[in-house]
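Data block below; observations after.
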Amino acid sequence: MFDTLSERLEGILGRLRGRGRLSAADVDQALREIRAALLEADVHVRVVRSLVDGVRSQLVGEELARSLSPGQQVVRAVHRELIRALGGESLRLTYASPPPTVILLAGLQGSGKTTTAAKLARWFRQQGHQPLLVGADLQRPAAVEQLRILAEQAQVPFFSQPTDPVQVARAGRQEAERLGRDVVIVDTAGRLAIDAELMDEVRRISEAVDPHYTFLVVDAMTGQDAVGTAEAFHATLTLDGLILTKLDGDARGGAALSVKEVVGKPIAFAATGERLADFDLFHPDRMASRILGMGDVLSLIEQA
Amino acid sequence: ARRFAAALRGLRGGGLEEETWELLEEALLGADVGLATTSELLDGLRERVRAGELRDGDAVVGALKAELVRTLDAAGSRELQLAPAPGQPDVWLFVGVNGVGKTTTIGKVARQQVEEGRRVLLAAGDTFRAAAADQLATWAARAEVELVRGAPGGDPGAVVFDAVQRAAARGYDLVLADTAGRLHTKVNLIEELKKIRRVADRGPGRVREVLLVLDATTGQNGLQQARQFLEAVGVTGVVLTKLDGTAKGGVIVPIQRDLGIPVKLVGVGEGADDLVPFDAEQFVEGLFAGVDLA
Ligand SMILES: Nc1nc2c(ncn2[C@@H]2O[C@H](COP(=O)(O)OP(=O)(O)OP(=O)(O)O)[C@@H](O)[C@H]2O)c(=O)[nH]1
Ligand SMILES: Nc1nc2c(ncn2[C@@H]2O[C@H](COP(=O)(O)OP(=O)(O)OP(=O)(O)O)[C@@H](O)[C@H]2O)c(=O)[nH]1
Ligand SMILES: [Mg+2]
Ligand SMILES: [Mg+2]
C-alpha cells in the first residue's frame, strides 16, 4: 500500500528541489505520511510518536543533499532511525561451561514456539552443537507428539514425560547432562500474559531449568497488542531476546519494532516459513525496509 | 488513562481541544482498528460536533460507540447456515493463516453442534502440520464425534472427499473440515484450498460456511488475509479467536465494514466451551476497555 510512500513524499516535498533547507512545516507534512506508513505496519502508536519526534528534530533545518530529492532524504532519515531502533546491540550467543546451554521459549498461543524450537535445534546442530529438544507443553492436544515429529525431522533427540511441565523441564535438563548434549531447548505451552496461573507456571519452569537464554516468540502479524504482551513476559521471565516468526507473509512486521523498543533486547532470529530450514539470524536493515514497505527503493537511497 | 479523562472533561466544557481527538484516535489505533477507518470515524464525529449536534465528551464517545455498533451490524447475518437433507450433509470449511485457532475452534463447534442435536463428522484436512490430525482426534474424542483422517503428507482434498462420502452414507448432518494453516500470499497453497472447497461441494455434500479464523492479536495484515481468502474461497464469516487476551481485535471493524464479512463466532479460551456468538455492543465496549472514558 505504501510502495508509494516515496512518491507521496515527492509530491509533498518536490517543490523544495533546489531550495536548500527543510522548513518545520515541510517536515511536519512529510512526517504525517511517515506516521501513516508506520501505523499501517503495526508499529505501536506510542512508539510511532517517539520515532516521528526523533526524526523531526533531525530533519528540521537540515541542509539538503544534492544527490537526493527532499523526499528521499526524509525517507533515508526515517530508515536510519528504524535501523537504529531495531538493531543496537545484537545478540552474541555464548555457550555455557559446563554445558548444557539452556534455552527457554515462551509466548502467546500459536505464535510458533514449537516449530521454532525444532528450527533452533536444527540451527544449533548445523553450528556443530548437540541439542536436545524438551517438550514441556502438556496442555495443548498433541503438542508433545508435534515436537517429537519435528525433532525427528531435525535429527535431534527429544525428551518429554507425562508428569507436569515444571517437572518435565527439570528432568529434560538432567537428561541432557546425562546424554552429554550441550544445548537444551525447552518448548512451553502458549499462554496469555494476563493468565496469572500460567504465567506463574512458566516462571516456575524458568526457575527449574535456570535458562541462559529466554526468548519470546512473536508472530510478525501481531498488531498493537505486541507491546503489552512483551512487557508482561519480560516482567515475568526477564527476556534475553525475541524471535520473530511468519515473516514469509506480507505483514510489514511493525510488532518487531514495538517490542524491541519496550523490551530493549535484541531480535535474535527470524523465521520465514513452516519448514525447519526457513530460519536465520535477524537482520535489522532488511526489517527496517520492510516496515517502511519499500525495500528496493531504500537500498538505492542508502547507496546514494 | 487519567490524561484521557481530563481531556474529555475539556471537551465537555465546550473546548474541543485537539488533544481530545488525538486521544480518541489513539484508543482506536491502539485497538488495531487501523488508520483509515479511525480517521473516517473521527472525521464524521468532528463534523457533527461542528454542526452542534454533539455538545460534550459523553455525547461524542456515545456517538462513536453507536456508529461502531451500527457499522458492525450492517455486515449481514451472523447466523450459521445449516440445512442438510437426507444423504446430503452440509460442510463447514475452516480456513486461515497459521496458528490462529482453526483446529481448536472445530473442536468447540463440534461440541456445540452435537449439543444442538446435530450428527457431526470431523475431517482432518490438515495433512501437513506435524501431529495436526492427532490434535483434531483429541477434540473429536472430547466431543464424542467421528473423525476421518488421512496419511501424513497425503492429499487433503481426498480426506475431505472421503469425509463427505462417509457422512452422506451414514446420515450425518454436518462435516466440519479442518485445513492446514496457510498464509494468504502463498499462491500454491491457496490453489490447494480452492481445490478442497470444490471437492467438498461436489457430490453429496454442500459447503454452507467457509469460516475464516482470525486471531484477535492480528494487526492490519488481517484485512489483507480476509481479502485474499474471500476472493479465493468465498468466506462467509469470521471466527475471532483469543479475545480472552488483551488484544482487542479491532481489525474486524474494517473487515466487516469494507468487505462485508460478518464475525459469527468468538473464541474466548482454550476449553471446549470457550466459544460464544459475536455481540457488537460487547465488542465495542471491549475496544475501549482499559481506556478511562469516565
Ligand atoms: N508461514 C509460517 N508458518 C509458521 C512459521 N513458524 C510457525 N509457523 C506455523 O504456525 C503454526 C503454529 O506454530 P506452532 O509452532 O505450533 O506454534 P506454538 O506457538 O507452538 O503454538 P501453541 O503451542 O499452540 O501455543 C503452525 O502451522 C506452524 O507451521 C513461519 O515462520 N512461517
Ligand atoms: N487463549 C485462547 N487460545 C486459543 C483460542 N483458540 C485457540 N487457541 C490456542 O491457540 C493455539 C493454536 O490453535 P490451533 O487450533 O492449533 O490453531 P490452528 O489455526 O489450527 O493452527 P495451524 O493448524 O497450525 O495453522 C493453541 O494453543 C490453542 O489452544 C482462544 O479463543 N483463546
Ligand atoms: Mg506449541
Ligand atoms: Mg490446525
Side-chain angles (χ1 to χ4, degrees), chain A residues 1 35-46 48-49 108-115 118 139-153 189-195 219-229 232 245-246 248-255 273-274, chain B residues 22 25-36 38-39 97-104 107 128-139 141-142 152 180-186 215-222 224-225 228 241-242 244-251 269-270 290:
Chain A
M1 194 178 290
R35 175 175 182 265
L38 294 175
L39 285 170
E40 178 68 21
D42 293 318
V43 179
H44 192 271
V45 53
R46 298 211 184 95
V48 170
R49 192 185 302 139
L108 295 179
Q109 286 92 348
S111 57
K113 297 171 294 301
T114 305
T115 313
Q139 179 174 326
R140 164 170 162 177
V144 170
E145 182 61 9
Q146 182 189 3
L147 188 59
R148 197 189 59 71
I149 294 169
L150 293 174
E152 209 165 280
Q153 287 174 17
R191 67 200 73 226
L192 297 171
I194 49 164
D195 188 326
D219 185 327
M221 292 177 276
T222 315
Q224 300 282 319
D225 184 58
V227 159
T229 291
T245 64
K246 308 184 198 174
D248 42 325
D250 59 356
R252 302 248 300 278
E274 296 192 73
Chain B
E22 277 174 23
E25 184 186 44
E26 184 172 316
L28 291 171
L29 292 175
D32 294 313
V33 171
L35 186 60
T38 296
S39 301
V97 301
N98 307 83
V100 287
K102 296 174 291 298
T103 306
T104 306
F128 177 78
R129 212 207 63 205
D134 296 324
Q135 183 188 0
L136 192 62
T138 305
W139 282 106
R142 282 181 188 167
R182 68 199 73 219
L183 296 177
H184 51 288
T185 49
K186 305 233 159 136
D215 187 326
T217 60
T218 313
Q220 296 311 296
N221 191 243
Q224 216 48 38
Q225 292 172 26
Q228 304 287 335
T241 59
K242 311 185 194 177
D244 46 325
T246 41
K248 308 280 177 63
V251 73
E270 297 186 78

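Letters go in sequence order (proteins before strands), and every chain restarts at 1. In this text the structure is predicted, and so the values were computed from the model without any measurement.
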Margin query: Quick check on B/R142: does its CZ atom have over 12 non-hydrogen neighbours (other residues, nucleotides or ligands) under 6.0 Å away?
Written below: yes

Next item on the list: Identify which of A/T222, A/L108, A/V144 forms the greatest number of heavy-atom pairs closer than 4.5 Å to chain B.
Entry: A/T222

Next item on the list: Tell me, for A/L147 versus chain B, whether the close heavy atoms (under 4.5 Å) come from the side chain, the backbone, both or neither.
Entry: neither

Next item on the list: Below 4.5 Å from any heavy atom of chain A, which atoms of B/V251 appear? Answer side chain, backbone, both or neither.
Entry: neither

Notebook entry, point to check: Taking all non-hydrogen atoms of both residues, which atom of A/G249 and which atom of B/L183 are closest, and how far apart?
Noted result: N-CD1, 3.4 Å

Item checked: Which portion of A/R35 sits near chain B, non-hydrogen atoms under 4.5 angstrom -> side chain

Check: What part of A/S111 lies closer than 4.5 angstrom to a heavy atom of chain B: side chain, backbone, both or neither?
Finding: neither

Check: chain A heavy atoms under 4.5 Å from B/K186: which part of the residue, side chain, backbone, both or neither?
Finding: side chain

Checklist line | Rounded distance (nearest 0.5 Å) linking atom CG of A/D195 with atom OG1 of B/T246 | finding: 11.5 Å

Notebook entry, point to check: To the nearest 0.5 Å, how far apart are CD in B/E26 and CZ in A/R49?
Noted result: 4.5 Å

Checklist line | Interface moiety of A/L39 toward chain B, non-hydrogen atoms closer than 4.5 Å | finding: both

Check: Pick one: which of A/Q146, A/E145, A/R140 meets side-chain hydrogen bond (donor to acceptor under 3.5 Å, both in side chains) with B/Q135?
Finding: A/R140

Note to self: Tell me which of these, B/T104, B/T241, B/T138, B/L29, has more heavy-atom pairs under 4.5 Å with chain A than the rest.
What the structure shows: B/L29

Check: What is the distance from atom CG of B/D244 to atom CD of A/Q109, rounded to the nearest 0.5 Å?
Finding: 7.0 Å

Next item on the list: Please state whether the side chain, the backbone, both or neither of B/E270 comes within less than 4.5 Å of a heavy atom of chain A.
Entry: side chain

Check: Non-hydrogen atoms of chain B under 4.5 Å away: do they reach the side chain of A/D42, the backbone, both or neither?
Finding: side chain

Note to self: Testing the basics here: between B/D134 and A/A142, what is the closest heavy-atom pair and its distance to 0.1 Å?
What the structure shows: CB-CB, 3.7 Å

Note to self: Please report the interatomic distance CD(A/Q224) to OG1(B/T218), rounded to the nearest 0.5 Å.
What the structure shows: 12.5 Å

Next item on the list: Determine the option with the most heavy-atom pairs under 4.5 angstrom with chain B, choosing from A/Q153, A/H44, A/K246.
Entry: A/K246

Item checked: B/A131 to A/I149 - nearest heavy-atom pair and separation -> N-CD1, 3.7 Å

Check: If you measure from CD on B/Q224 to CZ on A/R252, what distance do you get to the nearest 0.5 Å?
Finding: 10.5 Å

Note to self: Tell me the closest heavy-atom pair linking A/D225 and B/A247, and the distance in Å.
What the structure shows: OD1-N, 3.4 Å

Margin query: Which one wins on heavy-atom pair count under 4.5 Å against chain B: A/A143, A/G223, A/A118, A/A193?
Written below: A/G223

Check: If you count heavy-atom pairs under 4.5 Å between each of B/N98, B/D215, B/T103 and chain A, which one has the most?
Finding: B/N98

Item checked: A/D248 portion near chain B, given a 4.5 angstrom heavy-atom threshold -> both

Item checked: CA sep, side-chain torsions, deciding dist, call: B/R182, A/E274, salt bridge (Lys or Arg N to Asp or Glu O under 4.0 Å) -> CA-CA 9 Å; B/R182 68 199 73 219; A/E274 296 192 73; over 6 Å; no

Checklist line | Gap between atom CG of A/L192 and atom NZ of B/K242 - 0.5 Å precision | finding: 9.0 Å

